[in-house]
J.: 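The following block contains the structure, expressed as structure tokens.
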Amino acid sequence: MAGHSQFKNIMHRKGKQDSVRSKMFSKLAREITVAAKMGAPDPDMNPRLRLAIQNAKSQSMPKDNIERAVKKASGGDAENYDEVRYEGYGPGGVAVIVEALTDNRNRTASSVRSIFSKAGGALGETGSVAFSFDHVGEIVYKPETGDADAMMEAAIEAGAEDVVSDEDGHTIYCGFEDINEVSSALEKALGEAESVKAIWKPQNTIPVDEERATSLMRLIDNLDDDDDVQNVYSNFEVDDEVLARLSA
């Protein structure tokens with residue numbers, strides 16, 4: 001595991017606090033509202049909305065919250081959010097990509113720049129680090145869905161590009177433009193996935209020591225705390241021994 005997914009697993013092991021859960025639901029609701037506003041309010045007719053709702057359900061977001069977020073898109077009081085991507089470098093030159101949904105670009109840019117600066121990093125121009133990542137679809141299934149061979153076979157049949165299986169589950173990767181087609185085929189073969197989303201997957205990872213890993217995780221944690229930030233991706237890697245200490 002590398003980068004942000006590794007950090008997220010640490011957070012999950014520590015358990016979600018109510019405040020963290022509330023913030024997560026707020027971000028999921030924002031994505032649902034934006035998706036519903038950009039297309040039809042029917043998930044069967046709107047692939048982005050379908051994915052947003054599926055991911056909200058995988059995080060145990062209440063049905064009422066999901067329906068409220070969809071309805072908000074057709075209301076006159078729905079905010080207009082812009083999708084913005086920020087790119088920069090964290091401590092030790094590690095690449096970081098930040099995706100945000102904001103109704104105030106100046107506020108969000110200022111906040112993200114400040115977080116990078118305080119962590120000893122720096123915000124760069126758009127495109128400054130994205131070239132070292134691939135924008136792909138990530139489809140995650142629980143370990144009990146099947147063994148590695150069965151998952152690989154199903155993934156190949158569905159048109160996926162790669163599968164990574166470990167004790168935490170099965171992660172299937174596909175082309176960004178193929179997310180809906182591949183995830184639909186997998187759902188027919190394996191059932192509903194734990195999550196389906198577009199991610200920035202690093203082409204190569206940078207190993208970091210415990211001190212650097214602590215600083216990077218603090219940077220990512222602070223970015224995640226910003227209400228406008230939806231997702232954070234990075235290309236650092238931490239070995240299992242350090243990871244165990246940090247997640248203890």
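In this chain, numbering begins with 1 at the start of the sequence shown.
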J.: With salt bridge (charged side-chain N to carboxylate O under 4.0 Å, His left out) as the test, would you mind laying out the steps for R50 and D44 before giving the verdict?
T.: CA-CA 7 Å; R50 178 174 173 269; D44 291 332; 5.5 Å; no
J.: Taking S110 for the side chain and N106 for the main chain, is one N or O donor matched with an acceptor at less than 3.5 Å?
T.: no
J.: To the nearest 0.5 Å, how far apart are CD in Q59 and CG in L28?
T.: 6.5 Å
J.: Under a 3.5 Å distance rule, please check whether R30 uses its side chain to pair with a backbone N or O of L101 as donor and acceptor.
T.: yes
J.: Might you point out which heavy atoms bring A95 and F133 nearest each other, and give the distance in Å?
T.: CB-CE1, 3.7 Å
J.: Minimum heavy-atom separation for V182 to A158, with atom names?
T.: CG2-O, 3.4 Å
J.: So, taking the atom named CG in N231 and the one named CD1 in I97, what distance separates them when rounded to the nearest 0.5 Å?
T.: 11.0 Å
J.: Could you check whether any side-chain heavy atom of L190 comes within less than 4.5 Å of a side-chain heavy atom of M151, counting everything from C-beta outward?
T.: yes
J.: Nearest 0.5 Å, please: how far is CG in N55 from CE in M61?
T.: 11.5 Å
J.: Are the side chains of L216 and P91 in contact, using a 4.5 Å heavy-atom criterion?
T.: yes
J.: Tell me if the CD atom of E153 is crowded by more than 12 foreign heavy atoms within 6.0 Å.
T.: no
J.: When rounded to the nearest 0.5 angstrom, what is the spacing between OH in Y86 and CD1 in I115?
T.: 10.5 Å
J.: So, does H135 use its side chain to make a donor-acceptor pair with the main chain of F176 at under 3.5 Å?
T.: no
J.: Could you go step by step and tell me if Y173 and V164 meet the side-chain contact (heavy atoms from CB on, under 4.5 Å) rule?
T.: CA-CA 8 Å; Y173 297 103; V164 177; 4.0 Å; yes
J.: Would you say F116 and V96 make side-chain contact, with heavy atoms under 4.5 Å?
T.: yes
J.: Heavy atoms only: give me the nearest N46-A35 pair and the separation to one decimal.
T.: ND2-O, 2.9 Å
J.: Can you tell me if Y89 uses its side chain to pair, donor with acceptor, with the backbone of S128 under 3.5 Å?
T.: yes
J.: Any side-chain heavy atom of K201 sitting closer than 4.5 Å to one from E138?
T.: no
J.: Do L49 and I32 pass the side-chain contact (heavy atoms from CB on, under 4.5 Å) test, and can you show the C-alpha distance, the side-chain angles, and the key distance before you say yes or no?
T.: CA-CA 6 Å; L49 178 58; I32 290 170; 3.7 Å; yes
J.: Do V94 and L219 have side-chain heavy atoms sitting under 4.5 Å apart?
T.: no
J.: Count the heavy atoms belonging to other residues, nucleotides or ligands that lie under 6.0 Å from CD of E144, then report whether that count exceeds 12.
T.: yes
J.: Taking E87 for its side chain and V129 for its backbone only, find out whether a donor-acceptor pair lies under 3.5 Å.
T.: yes
J.: Answer whether the closest heavy-atom distance between the side chains of V208 and V238 falls below 4.5 Å.
T.: yes
J.: Flag yes if more than 12 heavy atoms outside E125 fall under 6.0 Å of its CD atom; otherwise flag no.
T.: no
J.: Does T205 use its side chain to pair, donor to acceptor, with the backbone of F236 at less than 3.5 Å?
T.: no
J.: When you measure from the side chain of E99 to the backbone of I199, do you find a donor-acceptor pair of N or O atoms at a distance under 3.5 Å?
T.: no
J.: Go through the steps to decide whether K197 and L51 satisfy the test side-chain contact (heavy atoms from CB on, under 4.5 Å), and finish with yes or no.
T.: CA-CA 7 Å; K197 56 190 174 185; L51 295 185; over 6 Å; no
J.: Hey, does Y81 have a side-chain heavy atom less than 4.5 Å from the side chain of K37?
T.: no
J.: Between N222 (side chain) and R218 (backbone), is there a donor-acceptor pair under 3.5 Å?
T.: yes
J.: For T33 versus A73, what's the shortest heavy-atom pair and its separation?
T.: O-CB, 3.5 Å
J.: Starting at CD of E192, measure out to OG1 of T145 and round the result to the nearest 0.5 Å.
T.: 11.5 Å
J.: Do V229 and K27 come close enough that some side-chain heavy atom pair is under 4.5 Å?
T.: yes
J.: Shared ILVMFWY cluster between I179 and I156, side chains joined below 4.5 angstrom?
T.: yes
J.: Salt bridge or not between E83 and R48? Use side-chain N to carboxylate O under 4.0 Å.
T.: yes
J.: Can you tell me how far apart CG (D103) and OG1 (T108) are? Round to the nearest 0.5 Å.
T.: 7.0 Å
J.: Show, in sequence, the C-alpha distance, side-chain angles and deciding distance for S234 and I220, and conclude whether the side-chain contact (heavy atoms from CB on, under 4.5 Å) test is met.
T.: CA-CA 9 Å; S234 185; I220 291 173; 4.3 Å; yes
J.: Could you tell me which non-hydrogen atom of V136 sits nearest to which non-hydrogen atom of C174, and how far apart they are?
T.: CB-O, 3.3 Å
J.: Write down the atom of Y141, the atom of E187, and the distance for their closest heavy-atom approach.
T.: OH-N, 3.7 Å
J.: Surrounding CD of E177 (heavy atoms of other residues, nucleotides or ligands, distance under 6.0 Å), is the total greater than 12?
T.: yes
J.: With no hydrogens and no angle check, is any side-chain donor or acceptor of S184 less than 3.5 Å from a backbone partner on E181?
T.: no
J.: Donor-acceptor pair, distance only, cut-off 3.5 Å: does the side chain of K23 make one with the backbone of D225?
T.: yes
J.: Taking atom CD of E157 as the centre, does the number of heavy atoms from other residues, nucleotides or ligands within less than 6.0 Å exceed 12?
T.: no
